[in-house]
Amino acid sequence: MTARIIAIDGPAGAGKSTIAKLAAKRLGYLYIDTGAMYRVVALCAIREGVAFGDEAALGKIAARVKIELRHEGDLCRVFCDGEDVSAAIRTPEVSAAASPVSAVRPVREALVAQQRALAATGGVVMDGRDIGTYVFPGADCKIFLTAGLTERAARRAKELEEKGYPAEAGAVALELLQRDARDSGRALAPLCKAEDAFELDSTELSIGQVVEKVLALARGDRGGAGPPAV
Ligand code: DC
């Protein structure tokens, strides 16, 4: 039987959203990009001039804004109070802000409650940092998707350039490292591999190969890998 909740966690730039979106499409599942939700709160904080240390104000934003993930064909569009912010949440400024904003307790509490509610209706593929460890510790398929830093930086630099942002691989690598250090070093639901997650290194794999592997894992086929290393 195919897993109902597929949790994909991992460091920045490992390709989680690309893979999660394709896997969800193949399974007819809902794709939930939890990073986009933290990005929306960060975008609102920037627009409203709220300091990233102002936990109460950030918590109010997270509790107040209506975040919608709308699926249109192959696209997953992100709306904040009815406004399409899909492009606005992907700027380097918002990427940098989302990390400190996501470490704030009231922000996490508000967004995790929404994430759990979104999965109540049917099959989901959810990607983030804490899905297998905190949001759905009981998820029936957990994957920790990684890739080498050079590869992650190259992929992210290409993505940024396609969006019109000048990007140099070395600087992007440093930004990814700093964000991962912050995301894994925080006290609340830090980025880390769940003990029972399958670690999937995508450095040498094509997108298609990673998707096939994820689908196999969702069917319970660990490819002879045996139980997860503890
Ligand atoms: O996946 P992303 O780059 O869009 O995520 C943006 C930030 O949000 C990331 O730096 C960490 C945070 N995040 C989180 O703390 N927990 C999640 N489940 C998803 C993202």
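Reckoned from all heavy atoms, side chains included, excluding hydrogens, waters and symmetry mates. Both counts, for ligands and for their atoms, begin at 1 and track the order of listing.
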Considering non-hydrogen atoms of the protein only, which is the closest contact for [atom], and what is the distance?
| atom | answer |
| --- | --- |
| atom 16 (N) of ligand 1 | R108 NH2, 3.1 Å |
| atom 19 (C) of ligand 1 | T34 OG1, 3.3 Å |
| atom 8 (O) of ligand 1 | Y38 CB, 3.6 Å |
| atom 1 (O) of ligand 1 | R129 NH1, 2.9 Å |

Would you say the side-chain atoms of [X] and [Y] include a donor-acceptor pair closer than 3.5 Å?
| X | Y | answer |
| --- | --- | --- |
| S102 | R186 | yes |
| R4 | Y29 | no |
| R152 | T203 | no |

Taking only heavy atoms of [X], which atoms of ligand 1 are found under 4.0 Å from at least one of them?
| X | value |
| --- | --- |
| D183 | 9 (C), 10 (O), 11 (C) |
| D130 | 16 (N), 17 (C), 18 (N) |
| R186 | 14 (C), 15 (O), 16 (N) |
| R39 | 2 (P), 3 (O), 4 (O), 6 (C) |
| S102 | 11 (C), 12 (C), 15 (O) |

[X] with [Y]: basic N within carboxylate O range, under 4.0 Å:
| X | Y | answer |
| --- | --- | --- |
| R70 | E72 | no |
| E159 | R155 | no |
| K158 | E161 | no |
| R90 | D33 | yes |
| E195 | K142 | no |

Task: Flag, side chain of S86 to backbone of V78, donor-acceptor distance under 3.5 Å - done: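 Yes.
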Kindly confirm or rule out an N or O of [X] lying under 3.5 angstrom from an N or O of ligand 1.
| X | result |
| --- | --- |
| R156 | no |
| S95 | no |
| K16 | no |
| D127 | no |

- [ ] Give the single entry among A98, P190, G128 that approaches atom 7 (C) of ligand 1 most closely by any heavy atom.
- [x]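 Considering heavy atoms of A98, P190, G128, the nearest to atom 7 (C) of ligand 1 sits in A98.
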Task: R116 to Y134, cation-pi by 6.0 Å centre distance and 45° axis angle - done: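 Here R116 passes the 6.0 Å and 45° test against Y134.
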Task: Proximity to ligand 1 by part of R179, non-hydrogen separation under 4.0 Å - done: side chain
- [ ] Quick one: look at M37 and ligand 1, take heavy-atom pairs under 4.0 Å, and tell me if it's side chain, backbone, both or neither.
- [x]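 Neither; nothing of M37 gets under 4.0 Å from ligand 1.
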